[in-house]
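Reading through the structure tokens given below for one structure.
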Amino acid sequence: MVHGADASRGHRPLAGVLWMLLTGANFVAVTALVKHVGTGMPAAQAAFLRYVLGLVFLAPMLGPLVRAGIGRAALRLYAWRGLAHALGVICWFYAMTRIPIAEVTAMNYLNPVYVTIGAALVFGERLAARRVLAIVVAFLGVLVILRPGFREVSDGHLAMLFTALFFGASYLMAKRLSERDSAAVVVAMLSVSVTIALAPLAVAVWVTPTLSQVFWLFLVAAFATAGHYTMTLAFRAAPLTVTQPVSFLQLVWAALLGWLVFGESVDGWVIAGGAMIVGAVVFITWREAVLNRRTITPPPDATKL
């Protein structure tokens, strides 16, 4: 007999959409706050402080972490994941100081595409012709955003390409680790390992932060934690094929925020390119659901800060 709570699990699309809308609001807030902190602090230091301040939210996970009994081999993989994610976070913080919010958001949608390619190389996932076509469309979307030859491709754009690559590698390692440890342990170890990996890089460029900067970065940690929590609730309420398309609204909100708050122009090419990338990700997710495969392609937010 299936109890009512279990029967409704994953079959509440409206709740899933609402939770994903709140997730988008949380992550757009993260983007805006990092943009606000701006160039007043080196990217490595800002990323380090975000994770150090975020450790306060790990308190509920300390018990499972202590009881996990993580072996040496798993610790090595956690360390590699922490390094990859730390490099991705630094690139993301750097890009935020160099290019408009909308462009950062649009290019962040590349993460699941890299994961899909990596899953084929690492896990032996078969890339059927339709999935290959979706990947091609996603990269054409990147070209629409960057328009090389028609506009300057800045170091911020290159940083976002590496951000997606590093976050994709982090997610693939998380998939392997989640086969052994609980989600709480995987999340807690990510925060700990990233903090450790960022520490020497932050010390190398350290400047004394103001109380205001520390406050804003604490809010970054709070909104990022809230975003991952609401995203989890969205996935519990509805399948990815329902919640994934909603994530595209983050690009719309980011473009409006950049225009209204930071005086950035709204670029129709960025919106169009972002739509192509999101469309490709949604198609890949839908194909995985249709074929009843073990989900490999993550939602864009699953690889965020």
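Numbers for residues simply follow the sequence, beginning at 1. Here the structure is a predicted model, which means the values were calculated and not measured.
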**Item:** Stepwise side-chain contact (heavy atoms from CB on, under 4.5 Å) check, Val89 with Tyr51
**Value:** CA-CA 10 Å; Val89 171; Tyr51 272 90; 3.8 Å; yes
Close side-chain approach of [X] and [Y], heavy atoms under 4.5 Å:
| X | Y | answer |
| --- | --- | --- |
| Met189 | Leu75 | yes |
| Asn108 | Gln250 | no |
| Met160 | Cys91 | no |
| Arg130 | Phe283 | yes |
| Phe48 | Val205 | no |
| Phe223 | Leu33 | yes |
| Leu161 | Val142 | yes |
| Leu21 | Leu18 | yes |

**Prompt:** Do Val34 and Trp92 pass the side-chain contact (heavy atoms from CB on, under 4.5 Å) test, and can you show the C-alpha distance, the side-chain angles, and the key distance before you say yes or no?
**Reply:** CA-CA 10 Å; Val34 172; Trp92 188 86; 3.6 Å; yes
Rounded at 0.5 Å granularity, tell me how far [atom1] in [X] sits from [atom2] in [Y].
| X | Y | atom1 | atom2 | result |
| --- | --- | --- | --- | --- |
| Thr31 | Asn26 | OG1 | CG | 11.0 Å |
| Thr116 | Ile135 | OG1 | CD1 | 5.5 Å |
| Leu158 | Ile99 | CG | CD1 | 9.5 Å |
| Leu198 | Ile90 | CG | CD1 | 5.0 Å |
| Met173 | Leu190 | CE | CG | 10.0 Å |
| Met276 | Leu140 | CE | CG | 5.0 Å |

Apply side-chain hydrogen bond (donor to acceptor under 3.5 Å, both in side chains) to [X] and list each qualifying residue two or more places apart in sequence or on a separate chain.
| X | value |
| --- | --- |
| Tyr114 | none |
| Thr163 | none |
| Gln45 | none |
| Ser265 | none |

How close do [X] and [Y] get, counting heavy atoms only, and between which atoms?
| X | Y | value |
| --- | --- | --- |
| Val186 | Ala174 | CG1-CB, 4.4 Å |
| Ala32 | Leu257 | CB-CD2, 3.2 Å |
| Val270 | Ala102 | CG1-O, 3.7 Å |
| Val104 | Ala95 | CG2-O, 4.0 Å |
| Ala86 | Ala197 | CB-CB, 3.8 Å |
| Ile101 | Ala254 | CG2-CB, 3.4 Å |

**Message:** Could you list the cluster mates of Leu22? Members are the ILVMFWY residues connected by side-chain heavy atoms closer than 4.5 Å, either directly or through other members.
**Reply:**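 Answer for Leu22: Trp19, Tyr229, Leu233.
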**Message:** Suppose clustering is done on Ile, Leu, Val, Met, Phe, Trp and Tyr with side-chain heavy atoms closer than 4.5 Å. Which residues sit in the same group as Val207?
**Reply:** none
**Prompt:** Under a single-linkage definition using a 4.5 Å side-chain heavy-atom cutoff for Ile, Leu, Val, Met, Phe, Trp and Tyr, are Tyr94 and Leu87 assigned to the same hydrophobic cluster?
**Reply:**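 Different clusters.
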**Request:** Treating Ile, Leu, Val, Met, Phe, Trp and Tyr as nodes and any side-chain heavy-atom pair under 4.5 angstrom as an edge, say whether Val203 and Met41 lie in one connected cluster.
**Result:**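 Val203 and Met41: separate clusters.
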**Request:** Can you sort out the partners of Val278 under side chain to side chain contact (heavy atoms under 4.5 Å, CB included), two or more places apart, ordered by chain and number?
**Result:** Tyr109, Phe248, Val282
**Item:** Those residues that, when tested against Leu133, pass side chain to side chain contact (heavy atoms under 4.5 Å, CB included) (two or more places apart)
**Value:**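 Here no residue qualifies.
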**Item:** salt bridge (charged side-chain N to carboxylate O under 4.0 Å, His left out) contacts in which one or both residues fall within residues 15-36, not counting sequence neighbours
**Value:** Lys35-Glu264
**Message:** Aromatic contact between His85 and Phe167, with the criterion being ring centroids under 6.0 Å apart: yes or no?
**Reply:** yes
**Asked** Just checking, is any N or O donor in the side chain of Ser170 or Arg81 under 3.5 Å from an acceptor N or O on the other one?
**Response**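 A pair is found: one side chain offers a donor N or O, the other an acceptor, under 3.5 Å apart.
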Please report, to 0.1 Å, the donor-acceptor pairs under 3.5 Å made by any side chain of residues 210-219, with sequence neighbours excluded.
{"unit_1": "Thr210", "atom_1": "OG1", "unit_2": "Gln213", "atom_2": "N", "d": "3.1"}
{"unit_1": "Ser212", "atom_1": "OG", "unit_2": "Trp216", "atom_2": "NE1", "d": "3.2"}
{"unit_1": "Gln213", "atom_1": "OE1", "unit_2": "Thr210", "atom_2": "N", "d": "3.0"}
{"unit_1": "Trp216", "atom_1": "NE1", "unit_2": "His36", "atom_2": "NE2", "d": "3.3"}

**Message:** Quick test of your reading: applying side-chain hydrogen bond (donor to acceptor under 3.5 Å, both in side chains), list the pairs with at least one residue in residues 185-202, sequence neighbours left out, ordered by first then second residue.
**Reply:**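 Found none.
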**Fill in**
Here the side-chain hydrogen bond (donor to acceptor under 3.5 Å, both in side chains) pairs for residues 267-282, sequence neighbours left out, are Arg147-Asp267
**Message:** Does Met107 form a side-chain contact (heavy atoms from CB on, under 4.5 Å) with Leu146? I'd like the steps, not just the answer.
**Reply:** CA-CA 10 Å; Met107 295 187 69; Leu146 298 181; 4.0 Å; yes
**Prompt:** Has Tyr78 got more than 12 heavy atoms of other residues, nucleotides or ligands less than 6.0 Å from its OH?
**Reply:**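 For Tyr78, atom OH is crowded (more than 12 foreign heavy atoms under 6.0 Å).
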